[in-house]
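To keep things clear, I will list the structure first and then write my remarks on it.
Letters A, B, ... mirror the listed sequences (proteins, then strands); counts begin at 1. For the numbers below, each heavy atom of this structure counts, side chains included, while hydrogens, waters and symmetry mates do not.
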Amino acid sequence: MGFAGIVVNNESQAMDRIFTYKIPEKMNISVGSRVKVPFGASNKRLDGFVVEMIPEAEVKGIKDISSVFPGTLFDSWTVEVVEEMRKRYLCTYLEGIRLFIPVGTLKGAGFKTEEKLYPNLVLSGKLNKEPYASIADLIGKNPGKFIRADISRMGFSPSSLNTLIRHGVIEVSSVRSSRHDIRDYENYEAPRLNQEQLIASDTIMKKPGTYLVHGITGSGKTEVFMDVIKRMLKEGKDSIVLVPEISLTPQMIERFKGRFGKDISIFHSRLSEGERFDEWHRVKNGEVKIAVGARSALFLPFRDLGLIVVDEEHESSYKSEMNPKYSAVEMAEFMMDRKGGRLVLASATPSINSYHRAVTGEIGLITLDKRATKGSLPEMTAVDMREELRAGNRSMFSRVLRGEIEKALDSKEQVILFLNRRGFSTFVSCRSCGHVFNCPNCSVSLTYHTSRDLSCHHCGYRQVLPETCPACSSRYIKQFGTGTEKVEEMVRKEFPGARVVRMDRDTAKNKSDYEDMYNSFKNREGDILIGTQMITKGLDFKNVTLVGIIAADLSLNLPDFRAGERTFQLITQVAGRAGRHDKPGKVIIQSYTPEDPSIVNAKEHDYKGFYRREISAREMMYNPPFSRIMSIVQSSVDEALLIKNIQTVGAELRKFLFGYDKIIMLGPSPCLISKIKQNHRWQVLLKGELDPDIARRIKDLVLEKSVRDVRTSIDLDPTSML
DNA sequence: AGCACGCCGACT
DNA sequence: GTCGGCGTGCTC
Ligand SMILES: [Zn+2]
Ligand SMILES: [Zn+2]
């Protein structure tokens with residue numbers, strides 16, 4: 001009955017192949033079937049996924065499929081996408097397949113069932129007395145309503161119930177129970193779109209393709225894509241909306257649920273594994289037509305996908321840090337291209353890459369520059385912190401910022417202070433001998449947190465800061481650098497009356513902390529909100545009139561060609577939090593380099609100027625989008641082995657690349673963070689015309705020349721070069 | 001990755 | 001003699 005091409009559930013790179021198995025008589029197999037197969041010399045039973053049907057096979061030593069699970073997990077379209085991912089990001093089949101199947105499938109996740117109680121035989125004989133009669137009566141009147149626990153909660157002994165079950169009076173039956181959100185949401189009416197929004201929606205509907213919607217904060221781009229979703233729904237097409245995880249606030253969920261009701265499924269991180277499983281099935285069964293979620297929602301099993309929206313398209317979280325290290329934007333475009341659908345990329349600060357594609361005409365460009373919801377743009381001021389020092393102000397707040405904070409507090413308006421670094425100080429060292437407190441597992445300095453706690457942000461190592469220097473016993477230990485905790489301390493000291501809320505990974509450990517803090521600040525239970533990156537998106541406060549950026553050059557000084565892009569985006573995004581309908585906001589940008597072009601462009605709300613300058617720098621330096629970057633990181637606990645290995649690999653790579661004058665090789669050299677969790681790390685960076693074919697050959701070469709105890713991690717177009 | 005096979009040292 | 005060390009090679 002033919003053969004099946006199967007990918008087995010084995011993490012190894014070497015197992016990244018399709019194995020041919022024979023389909024036994026009468027076994028119902030198709031692409032997407034999950035099977036058990038005998039594997040290896042010991043015929044160990046492994047999970048496998050059928051990725052192709054093969055009529056004739058001439059491979060030797062073919063074995064039979066052992067068993068098959070009912071139903072299918074994916075179809076041949078999925079296999080096509082997985083193959084594309086494998087090509088682009090050098091991942092394995094298995095890593096690709098895992099994105100498409102419900103989490104926990106291999107661990108045995110399933111539908112939640114409940115053992116419901118039903119009446120069966122009539123009560124008779126010696127059982128016809130208490131407590132049996134009451135129990136039988138209760139279940140007889142409410143068939144299928146109770147489970148065992150309900151009965152014992154009502155004060156009956158579980159053994160009485162068991163007696164009834166044993167005698168067949170009561171029957172137990174498993175019923176699939178639903179875990180999905182059936183709450184009613186308040187209808188969220190669509191507002192009337194303005195002229196600009198209508199044209200945008202029409203443009204997207206006119207023909208399939210990719211569109212970049214560049215809309216300033218408050219221009220109402222969400223309403224544009226909600227309108228497009230509604231129109232797709234009328235055509236019977238499914239839609240996926242990707243949003244950064246942090247933006248999936250209860251407010252956002254209410255908005256979508258209120259607009260699309262039962263047609264929509266929201267995939268947020270608070271769903272349990274079981275709830276995700278159920279939602280995945282609701283999508284597969286066609287019960288929902290729209291999904292909203294973070295990156296991974298892209299791979300939900302819709303039947304007739306016509307639209308993908310990627311909101312805040314510039315966000316680096318759309319690039320996966322784990323294998324497959326895919327870009328959701330790229331994959332969404334591939335999918336819509338193949339399906340003849342539409343991809344909408346939306347952002348107030350588009351990535352250089354997307355904007356470049358738009359201005360060169362490769363994708364459509366739609367600009368929204370009318371403010372639909374907010375008043376005018378915030379007033380931006382840059383402060384030179386060198387001047388402050390010269391004027392004798394050694395505080396972290398410039399005189400302008402301090403004055404504006406006081407003004408805002410006086411008029412009962414709220415303030416946001418942004419610093420993209422958590423902790424109290426970034427490093428601690430002894431002033432007498434220069435000893436620096438470093439992590440024993442990583443090559444980074446420990447961050448000081450309040451409560452005399454030193455911690456490593458890479459491995460979680462913690463220790464208490466000693467009173468005296470471990471090297472020279474001096475008591476003169478000093479902290480350097482600034483984090484959000486120090487900002488909090490200084491705010492409390494300098495503005496003693498103000499109520500302070502601090503939001504960073506340390507205070508908002510989970511989603512509900514985050515929501516509590518968000519709500520408390522929104523309800524004006526705080527005057528000053530201090531936060532990291534976390535506060536730059538999704539937050540919408542009505543009473544914030546001042547935003548202070550404590551150190552705008554933090555993200556600028558990273559050794560990464562995207563530092564300018566990131567700085568511009570951060571400033572613009574956080575500045576978008578300022579202002580209200582009736583009153584424009586003020587933004588104070590503190591920096592030691594206020595003349596830096598990215599800061600100046602952000603200050604002047606000049607996206608186009610920023611783009612023009614940045615794109616020519618990219619071209620000059622042969623950086624993306626004019627080239628591709630491939631980062632090859634190798635790691636091992638054995639430093640000598642690692643160095644020896646990567647030097648061999650490096651030499652082989654140079655030999656291989658000889659003649660490819662469009663590829664530049666840098667390294668091998670130690671990574672900027674040369675040790676993490678006891679693993680030493682070295683890297684090779686390649687830059688140039690790295691098409692999938694060459695990339696694959698490079699990967700094969702690296703793996704072939706590497707020993708077992710050295711781990712290899714390859715990232716194409718990484719978000720950061722560190 | 002796992003697992004079997006294989007060829008050498010040091011044990012009852 | 002044989003128990004077990006981990007180097008090598010293969011997995012439909
Ligand atoms: Zn010292
Ligand atoms: Zn560490």
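With rounding to whole Å, Asp47(A) atom CG is found 21 Å from dT11(C) atom P. Spacing between atom CG of Asp16(A) and atom C1' of dC12(C) amounts to 15 Å, rounded to whole angstrom units. At whole-Å resolution of the value, CD1 in Ile65(A) and P in dC12(C) are 13 Å apart. The distance between atom CD1 of Ile23(A) and atom P of dC12(C), rounded to the nearest whole Å, is 17 Å. Across the protein-nucleic acid pair, Asp709(A) atom CG and dG7(C) atom C1' stand 12 Å apart, rounded to whole Å. As a whole-Å value, the separation of Met15(A) CE from dA1(B) C1' is 8 Å. Regarding Arg708(A), its CZ atom lies at a distance of 9 Å from the P atom of dT8(C), rounded to whole Å. What separates CG of Leu703(A) from C1' of dG9(C) is a distance of 17 Å, to the nearest Å.
Residue Lys44(A) places at least one side-chain N or O under 4.0 Å from the OP1 or OP2 atom of dC3(B).
Within the 4.0 angstrom heavy-atom criterion, base atoms lie near Phe39(A).
Note that CG of Asp16(A) is 7.5 Å distant from SG of Cys91(A), once rounded to the nearest 0.5 Å.
Of the residues Arg618(A), Lys687(A), Arg562(A), the one that meets the side chain to side chain donor-acceptor pair (under 3.5 Å) test with Asn623(A) is Lys687(A). Looking at Arg295(A), Lys319(A), Arg88(A) one by one, the single match for side-chain contact (heavy atoms from CB on, under 4.5 Å) with Tyr326(A) turns out to be Arg295(A).
Arg86(A) forms a cation-pi arrangement with Tyr93(A), by the criterion of a distance under 6.0 Å to the ring centre and an angle within 45° of the ring axis.
Judged by atom type and distance alone, Arg45(A) does not reach the base of dG2(B) through any side-chain donor-acceptor pair under 3.5 Å.
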